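Below is one structure, written out as structure tokens; the observations come after it.
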Amino acid sequence: MIVEVIVDVSAYPIDRPFDYIVPEELKDLVERGSRVHVPFGNRKVQGFITNIKEQTDIDTSKLKEVQSIIDVEPVVTEELLQLSKWMTNKTLCYEIDALQVMLPAALRASYKKNIKLIDSNAVDESFLALFGKKDTITYEVIEKAGYLRQMKKYLTQGSVQLETVIKQHVKAKTITKYNVIATKEYIQNQISNLAKNAVKQRELMEWLLIQEQDSFTMEELKETVNANNNVVKALIEKNILALEKAEVYREITTLEHHDTDHRFQLTEEQSVALEKINHAQNHAENTTFLLHGITGSGKTEIYLNAIENSILKGKQAIMLVPEISLTPQMTRRFKLRFGDEVAVMHSGLSIGEKYDEWRKIWRGEVKVVVGARSAIFAPFKDLGVIILDEEHESTYKQEDNPRYHARDVAIWRSEFHKCPVILGSATPSLESYARASKGVYSLLTLKARAKEQALPTVNVVDMRVELKNGNRSMFSVELADAIREKLDRKEQIVLFLNKRGFSSFVLCRDCGTVVECKNCDISLTYHRSGEQLKCHYCGHEEPVPSICPECASEHIRFFGTGTQKVEEEIAKLFPFARVIRMDVDTTRTKGSHERILKQFGDGEADILLGTQMIAKGLDFPNITLVGVLNADTTLHLADFRAAEKTFQLMTQVSGRAGRHDKEGKVYIQTYTPEHYAIELSKLQMYEPFYHKEMLVRKQYEYPPFYYLTLVQITHENVMLASEYAKLATDWLRANLSEQSMVVGPTACAISKIQNRYRYQCLIKYKKEPILIEKLQQLIKIYRTEWMKKGIILSIDLDPSTIL
Ligand code: ADP
Ligand code: ZN
Ligand code: ZN
């Protein structure tokens, strides 16, 4: 027997499976999708079995043997094996990277396997002997004794169970259970033999006789029969009860007692949209729907209904959100509707917690996963719907290998499972809306807010005028007045500080010098705690200089606006306001998002001040004022999506106000009020924005009119980096067809990161049938020749940013 193995060696020129012979004792154990240890060169490496066959074209005397099995059950399904092949080709990564990304981190770390005896009567004596008096032994004991094959059989029968203990961080959490192990006659017998004064023991035994259940926690025994530890111990000694440490899943989202699940009569628009989705579900059609609904139009309610329909059919559902730890409210809605059928996966969980959730999915114990990007690989076997909320978010694209987009993976899986995909957004990406316009996606539109609330009134404030009038504060007169009014009325306020990238830096007011990172060529970010400057790319830190390094002026100080600075100014302007800050600094610890949002929701503060992370998902009835302090930051990003991102952000932030009964107001402060992205976001005018932006994209030949592929070359030596960038660019120019434009090479906008100089070239094309093939050839040249020189080449098909 031969297995094809994709080995974990991602520096090898060739990416293909290697054949290995399966030794006799492992024959019944190998399965497609399981991992093994194999010799490779003179090393021992991990690999995935992707195929099992009887014969090979290769001379078998040259083949090596599989050394050992890592997984006794596959960790990748047949579907995901196919998906990994597609991803390898689609994103030009190593197949091993595509496989690894599908696994929870716990399985990529080191962990221990234990085998637990479940039914000692069902296994033969020599196997049983391995356990001695214990009920759990390590996998190695069984492996050494040569009993793997039997173990596999018992696993399938359920007479033994596999438990994985993650060494790194956590063990599976256990609770102690007391199981009744005696028959009723035996207990009866024991009762009659009891001493007269053993009242409590008698009570417990008689109680046990009439229970249907045969497993209890100590709390249950104490509460219901008033038993104590000694009585329970006595029954254990009498062989009536036995103690068991059962594995439990770590509980993650806690529901409040007062939370209830509201079910609504759907609005006309909602019903129309849901009917189309249900139709696709009922007829096994893999339609991709673009659900375009303004904020508050009830998209989430549609998701919940579509998932419910899928569960009713006995199928499962994947619900993706951009980064779920930011939206505990969303999770809560799903938990309320579907209870224990929901697994939750996001970056706020520990490795062990994620692994728990993954196992629930693998074992079919849950029907829904709500999670961030990587939840798209949830190993469900029969999907009924896949949903991406806020489909325009760039977090759906993974920025390192494999550079996949969750939307593409969703569509692939929907074809496999014959189920619909729903892409939801108030501000769809231009790409998706263009596809919907062409009929590639099916467009569903929600124009009205679900509760018929009016959209908030949005006022754009020209900060240039403020400055002329002598107002140097970061609050315009209008916004400050509005804040005062809302504070008086005891309503809540959200203040949004646009902080993408480089906004809080140290600047010399005499010569204009900005302090930059010496490794990365970008401005250092000012941190007030400890008066430090930090690089957000490489982690470099230095103290704030007291004089300008260029002109020695003393007028060098922090410029731009950090949340802490705004907080100080709020304290000056509105001394009685209670403020909660939500930014990277206050949300470092686990669960802090939830805590902050809960405090605000419970009315413990008047003002929530935050960055990007408060832009989405917030839904509190008492928020009636939203202020955007600086709309311009995103507008001036060196990126063709700058206008789109600004429009999305402004729309989303405005959507936080007046979602319920009270009317909402929004103030957007900017130095460029005439920009169409800002003007049109005022009225959430998506279509006009779309048409205007499409004209710009067409003129400058950007997506969605052209596809882009970004090729980046980095090296520590600037000469080598530029030389090889030129080589790559020339090679592409010579080898691609005339239908492609190759632009560059140029230094990247961020020209140096972690001491590596960065160059890039862009390929623009409408159609280029030979693109993948040629890029693969270039990769081969890179892997066989350039890699040795320390060059790193990366290729991003469809990049989400080109910084
Ligand atoms: P979106 O996801 O489009 O922003 P939501 O689904 O969160 O919108 O709905 C916005 C608000 O309207 C929520 O408070 C939700 O509970 C409520 N809602 C949704 N659908 C209905 C409905 N059919 N009738 C009444 N209220 C609804
Ligand atoms: Zn200076
Ligand atoms: Zn740096």
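Nothing here was measured: the structure is a model prediction, and the numbers come from that model. Indexing begins at 1, ligand by ligand and atom by atom, following the structure's order.
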Checklist outcome for this item: Out of Glu268, Arg263, Gln270, the nearest non-hydrogen contact to atom 20 (N) of ligand 1 is supplied by Gln270
Checklist entry - Do Gly298 and ligand 1 have an N or O pair less than 3.5 Å apart? => result yes
Checklist entry - Just checking, is any N or O donor in the side chain of Glu687 or Tyr433 under 3.5 Å from an acceptor N or O on the other one? => result yes
Next on the checklist: Name the residue from Val626, Ile483, Leu625 that meets the side-chain contact (heavy atoms from CB on, under 4.5 Å) definition with Leu495.
Outcome noted: Ile483
Next on the checklist: Taking side chain to side chain donor-acceptor pair (under 3.5 Å) as the cut-off, I'd like each qualifying pair that reaches into residues 436-447, sequence neighbours left out, listed once.
Outcome noted: Arg435-Tyr441
Checklist entry - Does ligand 1 have any atom sitting under 4.0 Å from a heavy atom of Gly293? => result no
Next on the checklist: Give the atom numbers and elements of ligand 1 that come within less than 4.0 Å of a heavy atom of Thr267.
Outcome noted: 23 (N)
Next on the checklist: Testing the 3.5 Å rule here: is there a donor-acceptor pair between the side chains of Lys490 and Asn622?
Outcome noted: no
Checklist entry - If we ignore angles and hydrogens, is there a donor and acceptor under 3.5 Å between the side chains of Gln684 and Thr295? => result yes
Checklist entry - Should you measure from each heavy atom of Glu301, which atoms of ligand 1 turn up under 4.0 Å away? => result 6 (O), 20 (N)
Item to check | Sub-4.0 Å atoms of ligand 1 with respect to non-hydrogen atoms of Gln265 | outcome: 22 (C), 23 (N), 24 (N)
Checklist entry - Mind checking whether Thr300 has an N or O less than 3.5 Å away from an N or O of ligand 1? => result yes
Next on the checklist: The criterion is salt bridge (Lys or Arg N to Asp or Glu O under 4.0 Å); which residues satisfy it with Arg413, sequence neighbours excluded?
Outcome noted: Glu79
Checklist entry - atom 7 (O) of ligand 1: which of Lys299, Gln652, Arg333 has the nearest heavy atom? => result Arg333
